[in-house]
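Below: one structure, written as structure tokens.
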Amino acid sequence: MQLPLALRVATPAARPHLPALGMAAVLALVQAGVTLAEPWPLAIAVDHAINRRPFTGALSFFNGISPFLLLALAAAALVLLNAAVGLLDVSGRLLGERAAERIGATLRQDLFDRSMSLSLRWHDRMRSGELVARLTSDVARILDGIIAVTTTVLPDTVMVITVLVVLATFSPELALIGLAVAPVLAVLAARQRRRVKDAQSDARYESGRLAAVTSDLFRNVRAVQAFGRITRASSIFGTRNRELLRADLDTVGVEARWSPLADLVLAGGAGLVLVVGGSQVIGGSL
């Protein structure tokens, strides 16, 4: 199976920084777990300190503590959890983004060296402004993808797998219901990927053309002013600027439409799990 072009291009430069990227992914996963624990101090404060509900199980040794001390402990735990989330977020961002910036520097150097070794005929076809845009904007997009995969995709995937394993442990039927949304999400993601890829490709092309036109106009600014062609130059730049705006707006629209669809499908799956699980609990209590 052939890897995507961007991944094949970035892999050699990213290989020395895989430990840092992996650690950033681990920190993002731990941060997600700590975030899930944040409501527990509030629940303890309300249920056990205020409503005086006794603890059971492993936490039963807290039953002898006064409500005021329990409130103080819950408040301290809430502060510590929030501090831990912030620390994990900062550490993960620093590790991931620093590694990505080093990868970007290596990619730019490699692409520059490769471009300098190509034939003069190729350079005659490729305008210098567009080439500069490729070295900057395209590399920046690859870095954004690396950060997204490291800090979002991998931790979220592990989290989803963990939730499904827990569901399967307690109720295989609920796990199957939770998995029922996966085919729908897969179809939507495949369609969205093609649309986003086409829109971003169009935006990169227009960005390169705008950079090339801008570079040519500024390089020949003396001739533009000498022959009174400022209005013509502004018109040329405006045309390319409007085309880039159109492409960027299309990209924003395509990407924005994905979030509500995915959230709706996930909410539907969660609703099914809630209905079935609640029915089992109600049926068991009756």
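By convention here, the first residue in the shown sequence is residue 1.
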Spatial distance of atom OG (Ser215) from atom CG (Asn220) [nearest 0.5 Å] | 9.0 Å

Counting only pairs under 3.5 Å, give me each side-chain donor-acceptor contact of residues 79-86, with atom names and distances, residues two or more places apart or in other chains.
| from | atom 1 | to | atom 2 | distance (Å) |
| --- | --- | --- | --- | --- |
| Asn82 | ND2 | Leu78 | O | 2.7 |

With sequence neighbours left out, write down each residue that passes side chain to side chain donor-acceptor pair (under 3.5 Å) with Gln109, or none if nothing qualifies.
-> Asp113

Those residues that, when tested against Asp216, pass side chain to side chain donor-acceptor pair (under 3.5 Å) (two or more places apart) | Arg127, Arg219

Identify whether Ile146 and Val139 are in the same connected component of the hydrophobic contact network (ILVMFWY, side-chain heavy atoms under 4.5 Å).
-> yes

Residues 69-95 vs salt bridge (charged side-chain N to carboxylate O under 4.0 Å, His left out), sequence neighbours excluded, gives Asp89-Arg93, Arg93-Glu97

Tell me, please, which residues at least two apart from Glu101 pass salt bridge (charged side-chain N to carboxylate O under 4.0 Å, His left out).
-> none

Give me the other members of the hydrophobic cluster that Val224 sits in, counting Ile, Leu, Val, Met, Phe, Trp and Tyr linked by side-chain heavy atoms under 4.5 Å, directly or via other members.
-> Ile230

Sequence neighbours excluded, the answer for side chain to side chain donor-acceptor pair (under 3.5 Å) partners of Arg246 is Asp202, Glu243, Asp250

What distance do Leu143 atom CG and Leu107 atom CG have between them, rounded to the nearest 0.5 Å?
-> 7.0 Å

Whichever hydrophobic residues join Leu210 through chains of side-chain contacts under 4.5 Å = Val213, Leu217, Ile236, Phe237, Leu244

Taking C-beta and beyond as the side chain, do Arg114 and Leu118 meet within less than 4.5 Å on heavy atoms?
-> yes

Same apolar cluster (I L V M F W Y, side chains within < 4.5 Å links), Ile103/Ile147 = no

Which pairs of donor and acceptor atoms, one on a side chain in residues 16-28, lie under 3.5 Å apart (sequence neighbours left out)?
none

Considering residues at least two apart in sequence or located in another chain, which fulfil the salt bridge (charged side-chain N to carboxylate O under 4.0 Å, His left out) criterion with Arg240?
-> Glu206

To the nearest 0.5 Å, atom CZ of Arg108 lies from atom OG of Ser115 at 13.5 Å

Hydrophobic side-chain clustering at under 4.5 Å (ILVMFWY, transitive links): who's grouped with Leu120? Put none if nobody.
-> none

Nearest heavy-atom approach of Pro41 to Ala37 is CD-O, 3.4 Å

What pairs of residues pass the side-chain hydrogen bond (donor to acceptor under 3.5 Å, both in side chains) test when at least one of them lies in residues 23-40, not counting sequence neighbours?
-> none

Same apolar cluster: Leu69 and Ile44, side chain cutoff 4.5 Å | yes

